[in-house]
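Every chain is numbered from 1, with letters handed out A, B, ... down the list of sequences.
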Amino acid sequence: MFDFSEEELTRYSRHILLKDVGVEGQEKIRQAKVLVVGAGGLGAPVSMYLAAAGVGTIGIVDGDVVDLSNLQRQIIHTTADVDKPKVESAKETMQAINPHVNVVTYQDFLRADNAKDIVSDYDFIVDGTDNFPVKFLINDACVMAGKPFSHGGILRFEGQTFTHIPGHTCYRCIFKTPPPANAVPTCSQAGVLGAIAGMLGTIQAAETLKYITGVGELLVDKLLTFNAKTMDFRKINVKRHDACPICGKNPTVTELIDYEQGTCDLASHQK
Amino acid sequence: MAVHTLDITKEHCPMTFVKTKLKLAQIPEGDVLEVLLTEGEPLNNVPRSATEQGYKVLSIDHVEGNVHKVLIQK
């Protein structure tokens with residue numbers, strides 16, 4: 001039990017020194033399997049911190065290739081990675097940070113026909129996506145599979161996140177259905193300050209590690225929002241709704257749905 | 001109640017306490033760990049950190065030269 005090499009003891013010493021983590025917590029981190037959906041602005045810091053922390057298995061899902069316009073915020077990729085599949089580039093960076101971590105890549109987008117299978121292999125899921133259809137898909141797949149996840153979204157100078165654990169507030173308890181396609185601009189249309197991705201992604205990484213180790217209080221039934229222009233952070237109480245279309249008393253969402261994306265997103269994915 | 005031993009006289013801070021925590025994690029609740037350490041940082045930090053993190057420091061004794069023996073109960 002607790003078979004850590006000298007190299008690992010030194011690598012993880014700052015975790016082990018923490019009373020709340022210790023050798024036991026580091027072992028839980030090593031045993032954990034976390035899925036990161038999206039190797040973009042949020043997925044980058046999430047994956048890098050989880051790899052550095054020593055999460056034993058990290059799955060990463062993304063069907064895109066690295067674009068020059070990603071590098072302003074997606075710090076897991078470098079200029080030399082342009083045109084490379086994002087999951088490959090992400091895996092290389094994670095393994096360069098920590099060779100002990102097993103990285104499983106899914107060079108594909110999460111869809112209604114693959115989400116359940118992929119999610120089922122993991123203990124915790126992190127939403128690092130940039131569009132509503134996939135955010136709802138992650139929520140629905142996790143609620144149906146009884147999996148906890150961290151929701152995250154950023155736009156311009158703002159971010160929001162909450163953590164779902166089974167039996168508590170889900171994304172659809174707060175936002176019933178996706179907004180109409182093109183009603184809300186995406187990052188690619190509206191822009192985002194690069195560092196906002198780091199601010200929110202590292203909150204998600206911390207929530208993931210808190211969940212794994214059982215330390216502290218998660219953002220469960222609480223939606224954290226911030227505006228970096230004023231650096232105002234707010235925690236809004238949210239609650240599970242009996243009328244929620246997926247986790248309520250009479251669910252109307254009983255299978256996974258591929259919602260229509262905004263035309264701008266489709267155009268960029270088909271390019 | 002068994003007594004386990006750990007020599008960290010060759011270690012430097014913070015690996016002194018990291019090694020102590022690893023050994024404490026590996027022994028059963030209630031057992032005692034005898035830690036050999038040197039004066040200065042290790043002697044100042046290890047007993048204090050062990051107490052802060054909920055372990056019981058039973059005794060601190062001088063052994064020889066700059067080496068001391070600390071008994072910590074899990």
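- If you take CE on M15(B) and CD1 on I16(A), they are separated by 7.0 Å, rounding to the nearest 0.5 Å.
- The shortest distance between side-chain heavy atoms of L22(B) and L9(A) falls below 4.5 Å.
- Looking at K19(A) and S49(B), their side chains never come closer than 4.5 Å, going by heavy atoms from C-beta outward.
- Atom CD of E64(B) has 12 or fewer neighbouring heavy atoms from other residues, nucleotides or ligands inside a 6.0 Å radius.
- Judged by distance alone, with hydrogens and angles left aside, the side-chain atoms of K21(B) form a donor-acceptor pair with the main-chain N or O of L18(A) at under 3.5 Å.
- Under the 3.5 Å distance criterion, the side-chain polar atoms of Q53(B) are matched with a main-chain donor or acceptor of L17(A).
- The environment of F226(A) atom CZ is dense: over 12 non-hydrogen atoms of other residues, nucleotides or ligands sit within 6.0 angstrom.
- Panel note: side chain E24(A), backbone A25(B); no donor-acceptor pair is recorded below 3.5 Å.
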